[in-house]
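The structure displayed is predicted, hence computed values, not measured ones. Below, chain A is the first sequence line, B the second, and so on; all start at residue 1.
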Number of protein chains: 2
Amino acid sequence: MEARKPFVSEEQCPIETVIHVVGGKWKPTILWHLMDSTMRFSALEKRIPDVTQKMLAQHLRELENQGIVTRTIHPSVPPKVEYSLSEYGRTLVPVLQSMCDWGRNHNRLGGDMSVRQMQS
Amino acid sequence: MEARKPFVSEEQCPIETVIHVVGGKWKPTILWHLMDSTMRFSALEKRIPDVTQKMLAQHLRELENQGIVTRTIHPSVPPKVEYSLSEYGRTLVPVLQSMCDWGRNHNRLGGDMSVRQMQS
DNA sequence: TAGGGAACTGACTTCAAAGTAAGTATGGGA
DNA sequence: TCCCATACTTACTTTGAAGTCAGTTCCCTA
C-alpha cells in the first residue's frame with residue numbers, strides 16, 4: 001500500500017520535485033498555516049474552510065511521509081493531534097517565502113496577466 | 001479573523017499563484033530551458049522528448065498569456081518562432097532557482113523521503 | 001504538381017486527483 | 001444510557017488536465 005512509483009527518479013528538473021511536494025490542491029495553504037504555528041487537525045479545518053476532512057487528512061499524511069510535517073498525538077479524552085513543520089520542513093520556508101513574494105507581486109500586477117496581454 | 005474572501009480570483013495564498021504559473025506538467029521543464037536561452041518550438045520539442053506538440057503549444061501559450069514568455073515570429077520560409085523569457089519572466093528566475101536548489105537537495109537526500117519516515 | 005518541414009489547432013479519450021457521503025473508535029458528560 | 005466531539009477511513013462519483021491523433025497553413029524545392 002506504500003508502494004508508490006518512483007516519481008523523483010524520472011524528473012528531469014528539481015523544480016518538479018518542489019511542485020510535487022507543495023503542489024497538491026491544499027498543500028500550499030496547509031504549509032502556509034503551519035509556517036506560523038503548530039495546529040490541530042480541527043484548527044486547520046477551520047482555517048481552510050473549503051477543504052474536506054478527507055483531503056486534509058490525505059495531504060497531511062503525504063507531507064508527513066515526505067518528512068515535511070510532524071504529527072504529534074496527545075492521548076487525551078477527545079483525541080488531540082497536532083501538526084507542525086518538521087526541522088526538515090523548515091528548510092522549505094525560504095523557498096515558500098520567495099514563492100509567496102513573487103506570487104503576491106504577480107497578483108498585485110493584475111492577477112490574471114492575460115488581461116494585460118489581450119492587446120497582442 | 002482570517003481574510004478568506006478571494007482577494008485574487010480564486011487563490012487564497014500567493015504560493016498557489018506561483019504553482020498556477022509554473023505548475024503544469026511541462027512548464028517547469030520549459031522554463032528551465034528558457035532560462036538559459038531563447039529557443040525555437042522545434043528545439044524545445046527535441047529537448048523535452050516526451051512532450052507532445054499540443055501540450056507544448058498549450059503550455060507556451062499559457063506562459064505567454066501570463067506575461068512570462070515572449071513569442072517572436074520570424075517570417076521566414078519555414079516559419080520560425082522563438083520563445084524566450086520576458087523581462088517579467090526573468091523575475092521568476094530567483095524563485096525557480098531556490099525551488100531548484102531545494103528540490104535537488106531533497107532528491108539527494110533519498111528522493112522519496114517516505115522511506116525514511118516509515119516508522120509511523 | 002507533389003511533397004515537405006515548421007508550427008501549430010481541434011475532437012475525442014483517459015485516468016488520477018479531488019470531491020461526496022457515510023462510517024469508525026474513544027471515552028466523558030447529560 | 002445515549003449522544004457528542006475529535007480525528008480520522010472507506011467506497012464511490014466527478015472533474016479536468018493531459019494524451020492521442022489527425023488535420024491545417026505557409027511557402028519552397030524538386
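- When heavy atoms are screened at a 4.0 angstrom cut-off, B:His74 is found touching no nucleic acid atom at all.
- Proximity of A:Leu109 to B:Tyr88: side-chain heavy atoms (C-beta onward) are separated by under 4.5 Å at one or more points.
- Between B:Lys54 atom NZ and D:dT20 atom P there is a gap of 11 Å when expressed in whole angstrom units.
- A sub-4.0 Å separation between OP1 or OP2 of D:dG19 and a side-chain N or O of B:Lys25 is present.
- Side-chain nitrogen and oxygen atoms of A:Tyr83 include at least one within less than 4.0 Å of the OP1 or OP2 phosphate oxygen of D:dC8.
- Residues A:Gln53 and A:Pro78 each lie close to DNA chain C; by heavy-atom proximity, the contact nearer the 5' end of the strand is made by A:Gln53.
- Salt bridge annotation for B:Glu64-B:Arg61: present, with a cationic side-chain nitrogen under 4.0 angstrom from a carboxylate oxygen.
- The separation between A:Trp26 atom CH2 and C:dA17 atom C1' is 13 Å, rounded to whole Å.
- A donor-acceptor pair is defined here as one N or O able to donate and one able to accept, closer than 3.5 Å; such a pair exists between the side chain of B:Ser86 and the backbone of B:Gly67.
- Neither OP1 nor OP2 of D:dA17 sits under 4.0 Å from any side-chain N or O of B:His59.
- Between the CD1 atom of A:Ile48 and the C1' atom of C:dA18 there is a distance of 15 Å, rounded to whole Å.
- Computed from coordinates, the B:Gln58 CD to C:dC12 P distance equals 17 Å when rounded to whole Å.
- Of the candidate nucleotides C:dT20, C:dT9, D:dT9, C:dT20 has the atom nearest to the side chain of A:Thr52.
- Note: CD (A:Glu64) to C1' (D:dA7) measures 13 Å, nearest angstrom.
- Going from atom CD of A:Glu62 over to atom P of D:dC8 covers 14 Å, rounded to whole Å.
- Close to D:dA7, at under 4.0 Å from its OP1 or OP2, lies a side-chain N or O of A:Arg40.
- Rounded to whole Å, the distance from CD on B:Glu45 to P on C:dG5 is 13 Å.
- As rounded to whole Å, 17 Å separates atom C1' of C:dC8 from atom CD of B:Glu82.
- Of the candidates C:dA7, D:dT10, D:dA7, D:dA7 carries the atom nearest the A:Pro79 side chain, counting heavy atoms from C-beta on.
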Show your reasoning for whether side-chain contact (heavy atoms from CB on, under 4.5 Å) applies to B:Asn105 and B:Asp101. CA-CA 6 Å; B:Asn105 189 56; B:Asp101 292 346; over 6 Å; no
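- Here B:Ser42 reaches the OP1 or OP2 of C:dA7: one of its side-chain N or O atoms lies under 4.0 Å away.
- Ion pairing of A:Lys27 with A:Glu62 is present here, as a side-chain N (NZ or NE/NH1/NH2) and a carboxylate O approach within less than 4.0 Å.
- Distances shown here put a side-chain N or O of A:Arg71 below 4.0 Å from the OP1 or OP2 atom of D:dC8.
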